[in-house]
Every structure is written in C-alpha cells, then in structure tokens.
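Below: the structure, in structure tokens.
All values below were derived from every heavy atom in this structure, side-chain atoms included, with hydrogens, water molecules and symmetry-related copies excluded. In each ligand, atom 1 is the first atom listed, and ligand 1 is the first ligand listed.
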Amino acid sequence: MQQWRDVKSRHPDALVFFRVGDFYEFFNQDAEEGARLLGLTLTSRNNGAAGDVPLAGVPAKALDDYLARLVRLGRRVAICEQVEDPALAKGIVRREVVEMVTPGTVLHDALLEPGKNVWVMALVPDGETRVGTAALDLSTGQLELRLVAADHLASELARTQPAELVSTEAFASALPRSTDGAGPTPLLTLRPDWIFHPEGAKEELLRSFAVHSLEGLGFHEGDTALIRAAGALLHYVRETQPSGVGHLSPPRIHRSGSVMVLDEMTVRNLELVEPLRAGTGGATLLQVLGRTGTPMGARLLRWWVLHPRIDADEIWARQDAVADLFDDPVLRGRLRDALDHVGDLERIAGRLGTERATPRELLSLCRSLAHIEPLPGVLTPARSERSSELRTRLDPMTDVRAVLEGALADDPPAVLADGGVIREGYDAELDDLRRTRDGAVDFIASLQERERQRTGIGSLKVGYNRVFGYYLEVTHAHRGKVPDDYVRKQTLSNAERYFTPELKQWEEKVSTAEDRIRELEAQLFSDLRTALAAEVARLQRTSRAVAELDVLAALSEVARERGYVRPEVHTGFELELVAGRHPVVETMMAREDFIPNDVRLEPGARLIILTGPNMAGKSTVLRQVGLIQLLAQIGSFVPADRARVPVVDRIFTRVGASDNLVRGQSTFMVEMTETSAILHGATERSLVLLDEIGRGTSTYDGVSIAWAVSEHLHERVGAKTVFATHYHELTQLADLLPAARNMNVVVREVGEDIVFLRRLEAGGADRSYGIQVARLAGLPLEVVARAREILAELEGAHSAGGEGLGRHGTHRPASQAPPDQLALELGEHPVLADLRDVEVDRLTPLEALNLLHALAARARSRG
Ligand code: ADP
Ligand code: MG
C-alpha cells in the first residue's frame with residue numbers, strides 16, 4: 001500500500017493500474033471509480049490498522065480492452081508494472097509507472113483506428129491575436145505545428161479534433177469554447193507554466209531531434225509560440241512514455257498562406273468526413289474518395305480533405321500527378337495493386353520507436369517493403385514533377401528487408417513468448433538448442449513403443465500437459481503390470497499417470513533447452529528490433545511518400561470511375577461549372593438519374609439567388625458548388641464536364657436553423673451567430689453558400705434578414721455567393737443589385753401535380769409550390785383543397801395590391817385590394833384602413849357619430 005500511495009501521489013489525476021501477479025488492482029478511490037466505469041466488482045482488503053481498503057481488479061491479459069474503454073471515456077491511466085522478477089526480488093517487488101495512457105497518447109492497437117490519426121495538441125498564445133499549436137500523433141510520430149489566428153482556433157480544433165489538449169491553467173481559461181457541444185470534447189491536460197518556458201522548450205526540441213539549432217528544424221525568428229508549444233508537448237509525451245519514444249519525425253511547420261481555413265459548420269454541412277445525421281449511413285465526400293490501399297494513405301486523404309490548399313502551385317503539382325495516373329490505367333493499376341499489400345508502415349515505425357513491435361508487425365513490414373521495391377520502376381512512365389519526386393523518395397530499404405527475411409520465420413506467432421519467431425539458420429546456437437530439444441522430444445515419443453514392449457501394456461501412452469509435464473499413462477485395468485521404477489504422478493478416474501527417472505531426465509533436457517531457446521529468441525528479437533529502430537526515420541520518409549502516392553492514386557481512380565475532369569484552377573475570380581454534379585448524391589442513384597447543372601459566378605454576376613420549391617434540388621446544387629470548389633483545392637479532379645475554378649481563401653456554408661436538426665439546438669440564435677461570423681470573415685476571394693438562412697423565424701423576419709445579408713455580401717464583401725431559398729420574394733433582389741442573378745430549379749406542373757426536373761435555369765421561381773409538395777407528401781386531400789382556397793385568396797390579394805418587398809413601406813391606397821383579403825394579408829382589420837382615410841377636421845359632430853356607429857357595426861361583423 002505504501003508503494004501504491006507513492007505512485008498515486010505522483011499521478012493524482014490518473015487511474016492507477018497496479019500490477020499484482022496476473023492482475024491489475026485498483027485501490028481506494030480508484031477502485032470505486034474503476035468499479036463504476038468498468039462494471040467491476042468492488043471488494044475490500046483488510047489492511048491492518050488502516051482498516052478495510054476498497055479493491056477491484058482486472059486480469060492483466062485483458063488490459064487493452066479496459067484501457068480502450070477508459071480512454072474512450074476520456075480518462076487518464078497510469079500503468080504500474082512489476083519491474084523485478086518476483087522470484088528474485090528481495091522483499092516487496094519493485095514497481096514503476098512504465099506508461100501513461102491518455103486519450104491523446106495511446107499506442108495500444110485496440111485503441112487505434114487505421115484510417116484516423118490520434119492527436120494530442122499543445123496550445124500557447126502568441127500575443128493577443130494568435131495561438132501557437134503543436135499536434136502530435138504518437139502512434140505515427142507526426143508532429144504538425146501551426147500558428148493560427150485566435151479567431152480561427154475553434155475552427156482549427158474542430159477540424160483536427162484533438163483527443164487531448166495540453167495547456168496551462170491560464171491559457172486554458174482563455175480558450176474559446178471550441179465547439180458548442182457538437183464534436184467530441186478533448187481531454188484537457190493542464191501543466192505548469194515552466195514546461196512552456198521558451199528556453200526549456202528549445203532545449204527539449206534540440207535534444208529530441210538531436211540538432212544544434214532550431215533553424216535546422218525550419219524554425220524562424222518569431223516562432224516562439226510554436227517552439228513553446230512543441231517543446232511542452234514533447235515534455236508531456238516524455239512524461240507519458242518514461243521509457244522514451246524513438247520515432248518522432250521532425251516537426252512540420254505549416255505557415256499561413258498554404259491552407260484554407262475551414263470552419264466547423266462548413267465541414268459539417270458539406271459532409272466532408274462525417275454525415276450530418278450520424279448513424280444514418282449517410283455518405284460523405286471522404287467515403288466517395290476513399291479508395292486508398294494503405295492506412296497511412298487513408299489518414300493522409302482525410303487530412304487533405306480537411307486541409308484544402310490555397311497555394312495554386314501545390315494544387316497544380318498535385319493535379320499533374322493525378323493526371324499522370326488518370327491517363328495511364330496500367331500504371332495506376334500496378335501502383336494500386338502494390339499499395340493494397342502495404343501495411344501501416346507509419347505505425348510500425350511508431351511501434352519500433354517505442355519498442356513494442358511484435359513479430360507479426362515485423363513480418364508485415366518485411367512484406368510491405370517487398371511490395372514497395374518495384375514501385376520506382378512502376379512509376380517510371382509518370383511524367384509529372386510530383387510523381388518523380390515521390391519516386392525518388394521511395395526507399396525500398398532492401399538492406400532492412402534482407403535482415404528481416406533472414407531473421408524472421410515464415411509464420412511467426414503473434415507474441416514472442418510463443419516461440420518460433422526466429423528463422424532457422426539465423427543463429428547457430430539457437431539452431432543447436434532447437435536440435436537438442438527436438439531430439440529429446442523425439443526420444444520421449446519413442447519411449448511409448450519401448451515401454452509398451454517392456455511392460456506388455458499395449459495401451460500405454462506417452463502424453464504431455466502444461467501442468468504436469470510428460471507422463472506415461474496406464475489404464476486402471478493394467479495397474480498390476482506397472483513396473484517398480486514407475487513413480488505415480490497423477491490419478492485420473494480411469495487411468496494412472498507415471499514418470500520414470502529416465503523420462504524425468506529427458507524432460508529436463510527439453511525444458512532446459514526450451515528455457516534457453518526462449519531467452520535466446522527474446523534476445524535475438526530484441527537485437528533485431530533495436531537495429532531496426534535506427535532505421536525509423538528512413539521508414540517514415542518512405543511511408544510518407546507511399547501515403548501520398550496512395551492518395552494520388554485514389555483520386556485518379558475515383559476520377560476515372562466517376563467521370564471527373566481536371567478543373568482549370570486559376571487565381572482569378574470566375575467560377576464556371578459546366579454540367580457539374582454532386583459528388584456524393586450522384587453515387588446514390590443510377591448514373592443517368594442525376595441531372596447535371598451549370599453554374600457561373602463572375603464579378604458582374606457574383607450573387608445567385610437560387611429559388612425553387614422544397615425538394616427541387618436547391619441544397620444539392622448549392623453543396624455541389626462547395627464540394628467541387630473544395631475538390632479542386634485538394635488537387636482532385638471534379639464531377640463536371642468542364643470546370644474553371646478559382647482559388648478561394650475560404651468556403652463558408654450555412655444551413656438555416658430548421659433545416660439543421662442535428663445540432664440538437666436548432667435555434668435561430670445559432671443560425672444568426674453563424675451568419676454573423678460569415679459577414680465578418682468572408683472576403684471577396686471567399687465562396688459563401690447560404691441555404692435557407694432566415695428560415696428559423698417568421699416569414700417576414702426571415703425574408704428581411706435574408707435580404708439584408710444578401711445585400712451586405714453583395715455590396716460590402718463582394719464574395720461569390722449562392723443563396724438558396726424557398727422565399728420567392730427574394731427574387732426581387734436581382735432587380736435591385738447589379739451583380740445578383742436569379743436562378744431556379746425548375747419544376748413542371750402536370751395537372752395538379754408537379755414533376756421535379758432538377759434543372760437549373762436563369763430567372764426566379766414564380767411561386768413556392770408548397771401545396772403540390774405537400775400533396776406529394778400525402779397530406780389528406782381535403783387539407784390540400786382547403787390550402788388551395790386560402791392560397792388563391794392570398795394570391796389574389798397580393799397581385800391586386802401589386803406590392804413587392806422591394807418597395808415595402810410605400811403608400812398603397814386601401815381601396816385597390818378587396819378589403820378583407822388585404823386585411824388577411826396585412827393582419828389588420830379593414831376598418832383601420834377606413835379610419836386612416838377619415839378627415840376628422842371636416843366631420844360634423846353628427847357625421848362623426850354616424851361614422852362611429854357604422855365602424856363599430858363593421859368591426860363586430862368583421863368587415
Ligand atoms: P431542396 O433543397 O430544394 O429542398 P434538395 O437539394 O434537398 O432539395 O433535393 C431533394 C432531393 O432531390 C435530393 O435528396 C436528391 O435525392 C434529389 N436531387 C437533388 N438534385 C438532384 C439532381 N440534380 N439530380 C437528381 N436528383 C437530385
Ligand atoms: Mg434544401
């Protein structure tokens with residue numbers, strides 16, 4: 001208990017897994033928490049004077065399962081192992097925390113998803129307006145540094161989705177609330193100020209990467225916040241992995257100007273990596289593009305989708321490489337076939353760096369390298385600069401592979417202790433020992449025949465079990481014939497088991513040889529692993545190149561399969577899509593069922609008011625524009641017949657509150673907050689997509705807000721904007737704003753019904769067709785009929801009044817509209833209109849009284 005208390009006092013915020021024999025035990029508050037979180041039975045242990053101590057435990061074998069559950073719950077765990085052999089220890093076995101497992105620093109297989117990075121991120125403010133961020137995936141060793149504007153921090157967190165944030169108490173309290181409870185909340189790890197100190201952080205970096213100056217790592221003057229974040233993060237990781245990490249790649253510093261800022265709502269509304277309605281099996285852009293063959297390729301693809309580029313050079317370089325593979329099906333096929341056989345090199349590198357690699361992982365490494373070897377040759381016909389650069393970065397590591405092939409058995413066991421990991425011929429002593437053991441085993445096997453002859457017991461058997469070792473088994477029927485030198489070992493219901501001095505002697509030979517074999521194999525394997533750990537950096541470089549080739553191949557494969565074209569990406573303003581399609585929606589129907597559409601946004605026509613009834617396809621067109629824009633900026637081809645796509649600095653996508661059920665809190669307030677962020681954040685180089693903004697309030701409110709937002713975007717911001725709305729009133733904007741255009745998704749009326757044509761045309765929708773949609777949706781016929789009646793009345797009032805929102809507030813003589821229809825429209829009583837016309841000064845008292853009488857009567861009879 002003293003030991004436990006020591007450990008616990010050093011890790012007060014962690015659940016301590018305290019190794020006792022074959023179990024991990026929890027004590028005191030940990031036992032209670034463990035019991036609650038893991039459903040364990042809570043017992044107690046008598047602890048002498050201290051009284052009863054609550055106790056719970058889990059079998060050591062099941063460690064990974066329990067860790068996985070705790071980490072998913074956002075808990076921090078300290079694994080405290082026995083670090084001495086209990087057989088040799090004097091007194092109490094020494095124990096030490098060998099590892100901390102936290103949501104952001106997991107290395108256990110059971111906790112890792114192949115296609116997803118696990119990030120732990122440190123944050124350090126840089127003045128008032130910026131924050132230095134350092135994100136590390138411990139399982140792969142990637143370290144990504146980025147300075148972000150404080151305003152964009154929430155977006156950055158939403159995009160990276162770190163599992164854990166490391167910061168100081170002061171910084172943390174100043175952090176923005178990263179998400180409004182929508183995404184998973186990262187575990188917040190608070191550390192003292194000093195680990196963020198610039199000097200200490202610098203030392204930490206220099207030491208970790210064995211360099212003499214930070215310039216060598218690509219840092220510039222003024223990168224202090226990045227250095228502090230990175231240094232503190234490395235410090236923290238050393239805390240969680242006391243035995244060290246040998247596989248961290250040098251930091252990659254992302255400077256602003258290369259990556260598009262993508263806010264959380266845009267990522268979600270465009271369904272880039274997760275469907276809006278989780279669990280409905282909805283498809284995402286990532287799924288459509290997800291044709292990678294390797295886990296690191298899958299992770300990189302995800303990264304690309306969430307980090308579109310804004311530097312045209314990089315986009316063009318990627319496009320050229322995609323084109324190489326797009327144009328040459330043989331090249332693409334051979335590349336993809338090879339990649340299908342390449343395992344998770346990046347995580348294997350991580351396992352080597354933390355001395356965890358298992359025999360099977362080394363085998364997977366060896367096989368992967370074999371499939372990488374021909375790749376440079378395969379890539380020879382590729383002409384683009386990027387392809388040849390990647391080709392030269394591929395190092396098949398033939399030397400390493402030769403070592404592995406020589407050392408590893410063909411089919412090594414999952415765990416080292418099962419033996420048979422090292423190939424015959426690799427080590428002479430091991431071969432000798434194995435021969436000795438096999439000889440002894442053979443001899444024991446041959447004993448059966450000789451003992452049968454000697455004793456005359458035909459059914460005598462030689463057997464083996466784990467507890468009792470080798471034995472000679474004789475059924476009770478033959479008990480009388482058992483010779484004197486047989487010694488009884490175990491009694492079964494129908495037989496007796498014996499050993500003889502001779503058997504015992506051979507058994508000892510076997511077990512001595514086996515002990516020695518196990519030791520020697522462990523030694524050889526560990527030497528092998530150490531030798532390989534020195535090659536981790538090479539392995540990571542190759543892995544990166546493989547991942548990038550994999551993504552490029554996936555993009556070209558999708559492009560071929562789905563008939564994408566290479567967009568002409570340029571640095572001007574116009575966006576022009578000819579026969580554009582929605583990359584995700586089109587995969588959910590037969591090819592010919594999806595109707596392509598043209599969209600053009602240019603300086604003189606940069607705001608599209610997109611109208612059409614519900615279900616017409618407005619949201620689909622809108623998102624299609626956003627997705628094609630994004631695809632173009634990750635370097636992908638796009639679903640269209642022809643596309644000219646400018647590089648935009650941001651894509652904003654907002655969906656009106658009532659359309660946005662997933663938020664749980666579909667409040668108008670949220671909608672307006674988001675809209676306001678666009679109005680502040682968008683520039684003329686942005687693409688703004690607004691879907692039914694203003695819907696979350698009453699019609700007039702909504703139309704007015706939508707109107708004002710469009711006006712602002714048009715006049716002040718100048719961004720390319722598509723505004724989808726079922727308020728056909730907004731079509732009047734196009735008459736008033738020079739660069740606004742109406743477009744609508746056409747429907748055709750067939751008798752009482754409408755047919756959705758899904759076709760985009762110039763001009764505004766003339767009406768909302770809400771009733772027809774309601775009819776299609778199966779509203780009872782009498783309700784539909786009554787709605788028609790009311791509509792006819794309202795429309796009569798409207799056209800007679802000739803009122804338009806654009807001229808709202810101008811005077812209109814009451815007499816032009818039938819009074820009670822006008823009343824319905826305006827929501828006021830018709831007598832009020834008459835009252836307005838009364839010239840009180842000219843009434844005689846009698847006239848006044850008569851008028852009052854008449855008005856009162858009309859008021860009582862409603863008009
Ligand atoms: P709106 O936003 O106008 O209410 P949506 O964009 O949500 O309409 O489209 C409704 C449905 O119509 C979509 O779920 C999709 O199945 C179908 N759809 C939309 N656009 C197309 C298209 N271009 N071709 C074929 N089907 C489409
Ligand atoms: Mg819609």
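- For the pair Glu568 (side chain) and Arg644 (backbone), a donor-acceptor distance under 3.5 Å is absent.
- For the pair Ser619 and ligand 1, the shortest N or O to N or O distance falls below 3.5 Å.
- The contact set between ligand 1 and Asp593, taken as ligand atoms under 4.0 Å from a residue heavy atom, comprises 24 (N), 25 (C).
- Coordination check, Ser619 versus the Mg ion (ligand 2): passed, since an N/O/S atom of the residue sits under 2.8 Å.
- Note on Glu156 versus Arg159: salt bridge recorded, some NZ/NE/NH1/NH2 to OD/OE distance being below 4.0 Å.
- At a 3.5 angstrom cut-off on N or O pairs, Met615 counts as close to ligand 1.
- Between the Asn597 side chain and the Ala579 main chain, no donor and acceptor come within less than 3.5 Å of each other.
- Using a cut-off of 4.0 Å between Lys/Arg side-chain N and Asp/Glu carboxylate O, Arg654 and Asp263 are scored as salt-bridged.
- Atoms of ligand 1 lying under 4.0 Å from any heavy atom of Pro613, numbered from 1 in the order shown and given with element: 3 (O).
- For ligand 1 and Gly617, the ligand atoms under 4.0 Å from any heavy atom of the residue are 1 (P), 3 (O), 5 (P), 6 (O), 8 (O), 9 (O), 19 (C), 20 (N).
- Heavy atoms only, all atoms of each residue included: Leu601 and Arg606 are closest at CD2-O, 3.3 Å.
- When the heavy-atom distances from atom 26 (N) of ligand 1 to Glu592, Arg758, Arg623 are ranked, the shortest goes to Arg758.
- Atoms of ligand 1 found under 4.0 Å from any heavy atom of Met589, numbered from 1 in the order shown, are 16 (O), 25 (C), 26 (N).
- In terms of the side chain to side chain donor-acceptor pair (under 3.5 Å) criterion, residue partners of Arg291 (sequence neighbours excluded) are, by chain and number, Glu561.
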